[in-house]
Each structure stands twice: as C-alpha cells, then as structure tokens.
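Written out below as structure tokens is the structure these notes cover.
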Amino acid sequence: MVKRLVTFPDGRQVCPLGQGTYQMGRRRKEEIQALRRGIDLGLTLIDTAEMYGTEDLVGEAVRECRDKAFIVSKVLPSNADYKGTKRACERSLKRLGTDYIDLYLLHWIGQYPFSETVRAMVELQQEGKIRQWGMSNLDVADMERILSLPHGTDCAANQVLYNLKDRGIEFDLIPWSERKHIPIMAYTPLAEGKLRRHKTVSGIAERHNATPTQILLAWVMRSSNVIAIPKAGSMAHVEENVRSLDIDLTKEDLRELDAAFPPPARKIRLAGW
C-alpha cells in the first residue's frame, strides 16, 4: 500500500516511486513483465523518451491497463522547435499505441527557443494529445524563464539527476520547486549502483533489515515533492524497489548519510546531460 502520493499541478497524483526504462529492450519479455508487475504494485508512472527507443515496449506493457498507467515521454532538443515538437509527439503516440501522453517533457536544452517548445506543448495539451507538459535537466534560472512565458506556469515537472552522491539540486532547485509546487523527477536515483557497497549505506540497510537499494531509494523519496524513477528490468528488482516505500529513515540515519555524503554548501552546476 502506497503511504503517500506526489501531486502534480493539475491535481493528478502518483506514487513517489516510478519505473524508468532507459537502456531497456535487451530482454523485452522479462522487462514487459516487470513493468506490468510494477503497475500492479502501484508504481504507475513509467518514464520513457523518443531517445530511449523504449516507447513501443512501454506501449505493449500498458496495452491492457492504459487507464492505470501514467506515461512520461520526452522530445529531443534537436526536434524541439514548434513544428518539430508536434511531429515528435505524434511519432511517440504512434509508438506507444495510445491517444495521449500523461506528461511530455523537453529532454534537455537545445538550439531552439523555449518559447517555441512551450507553444507546441500548450497546443498539444489543448488538443488532448498530452495531459501535462514539463522540462528535464533545467536549473533554476532556466525554469524561471519557462515560467515567464505565456502558459509557462502550467509547467508540471522537472526531471533531473539526483541521488545520494549527486546532491547539488538540494541547494536551490529543490526548495525553488517546492515553493512553485513543481514536482522533481529524480533519474539515476541509485547512482548506477555505485553506492550499494558503501559501508554507511550497508550499515543503515542492516539496521532496517533492508537492502542498500531500498535505503538509497527511500533517501531520494524523503522529500514530499520528489519522484524516483529507477530502472527495474526484472520482477525481482521491481519487488525489491517497492519495499523502499515502507522504509522511514531516522534522524540518525540521515545524519550518518550527510556525514558520508555532505549536502551542498554552495551553488553547484546542474549535473546530468
């Protein structure tokens, strides 16, 4: 049972633990089963992108349960002019086999003005082809530019790199996003597995009778405005991940993690793409 939900600006709510699909496709049948198992367990948000080449896989996974799934996809910056954004969305809809995308993001900053991308996003929303739109890999200054555009305050999310090792967004982006009620989607929340053997993480996992993976995810989701989207290509991984929702890290746990991985004391350039 999901104990809390993250609320988007339009009122829609999702579990703070989603499912990523970057670099999936090598074990298609197993991965589709994993995504379906995740939805059954309440992990309804599934993240994909035209760049990932997994939209058709996601579409197959949710075909029988589309009404339960919350699909996130992204337009490449090279396609993100006004007309290109609309064409890219149509291609994504076709690959996904659906009439609408729940949340459509600009993948990262490119050569085209934000105003063109946002105008296209707004029209796609008005046409019913996307439910909400947002950004990815944008820091505070660029997010403020987005909000200054016509309809810019409808921006519904920002997807960025965030994990125990990469904490730069805590200095300003997370507080800013909380004030604006814009959820943060954290990609690579497990730091590509690099932290699982860290002695502090392992020690806390033992205290909670949990795995290091579960501790790392619980840490990312400790903020009420953050959604973690780890990749889980097997049902075993999905079931391991979902148990992170039951972990409440103590003040002592958080102090130990801060000592091992200090929070930022100054502005740090946004990591990621």
In sequence, state the C-alpha distance, the side-chain angles, and the governing distance for Leu106 and Trp133, and then conclude on side chain to side chain contact (heavy atoms under 4.5 Å, CB included). CA-CA 8 Å; Leu106 171 64; Trp133 59 268; over 6 Å; no
Kindly compute the distance separating [atom1] ([X]) from [atom2] ([Y]), expressed to the nearest 0.5 Å.
X      : Y      : atom1 : atom2 : value
Met221 : Ser244 : CE    : OG    : 3.5 Å
Arg167 : Ile174 : CZ    : CD1   : 9.0 Å
Asn225 : Ile184 : CG    : CD1   : 7.0 Å
Cys155 : Leu149 : SG    : CG    : 10.0 Å
Met185 : Ile229 : CE    : CD1   : 4.0 Å
Leu57  : Ile32  : CG    : CD1   : 4.5 Å

Distance-minimising heavy-atom pair for [X] and [Y]:
X      : Y      : result
Ile71  : Ile101 : O-CG2, 3.5 Å
Tyr104 : Cys89  : OH-N, 3.2 Å
Ala186 : Val220 : CB-CG1, 3.8 Å
Ile169 : Leu270 : CG2-CD1, 3.6 Å
Ala232 : Ala34  : O-CB, 3.6 Å

Are [X] and [Y] linked by a side-chain donor-acceptor pair shorter than 3.5 Å?
X      : Y      : answer
Glu178 : Ser223 : yes
Asp47  : Gln159 : yes
Thr200 : Glu256 : no
Tyr82  : Glu123 : yes

What is the ring orientation for Phe261 with His198, classed by angle as parallel under 30°, tilted 30 to 60°, or perpendicular over 60°?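 If you compare the ring of Phe261 with that of His198, the planes turn out tilted.
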Are any of the side-chain nitrogens in [X] or [Y] under 4.0 Å away from the carboxylate oxygens of its partner?
X      : Y      : result
Lys267 : Asp139 : yes
Asp246 : Arg243 : no
Asp102 : Arg66  : yes
Lys129 : Glu90  : yes
Arg222 : Glu170 : yes

Determine, step by step, whether Ile182 and Met135 satisfy the side chain to side chain contact (heavy atoms under 4.5 Å, CB included) criterion, reporting the C-alpha distance in whole Å, the side-chain angles of both residues, the deciding distance to 0.1 Å, and the verdict. CA-CA 10 Å; Ile182 298 175; Met135 297 289 136; over 6 Å; no
What's the verdict on side chain to side chain contact (heavy atoms under 4.5 Å, CB included) for Arg145 and Asp142, showing C-alpha distance, side-chain angles and the deciding distance? CA-CA 5 Å; Arg145 292 187 185 98; Asp142 288 313; 2.4 Å; yes
Stepwise side chain to side chain contact (heavy atoms under 4.5 Å, CB included) check, Glu116 with Thr85: CA-CA 9 Å; Glu116 288 197 32; Thr85 300; over 6 Å; no
So for atom [atom1], which belongs to [X], do other residues, nucleotides or ligands contribute more than 12 heavy atoms lying within a distance under 6.0 Å?
X      : atom1 : answer
His237 : NE2   : no
Asn209 : CG    : no
Lys180 : NZ    : no

Checking [X] side chain against [Y] main chain: does a donor-acceptor pair fall under 3.5 Å?
X      : Y      : answer
Arg36  : Ala61  : yes
Asn163 : Thr188 : yes
Glu55  : Leu96  : no

Which residue, Arg95, Arg28, Lys94, forms the salt bridge (charged side-chain N to carboxylate O under 4.0 Å, His left out) with Asp56?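 Only one of Arg95, Arg28, Lys94 forms a salt bridge (charged side-chain N to carboxylate O under 4.0 Å, His left out) with Asp56, namely Arg28.
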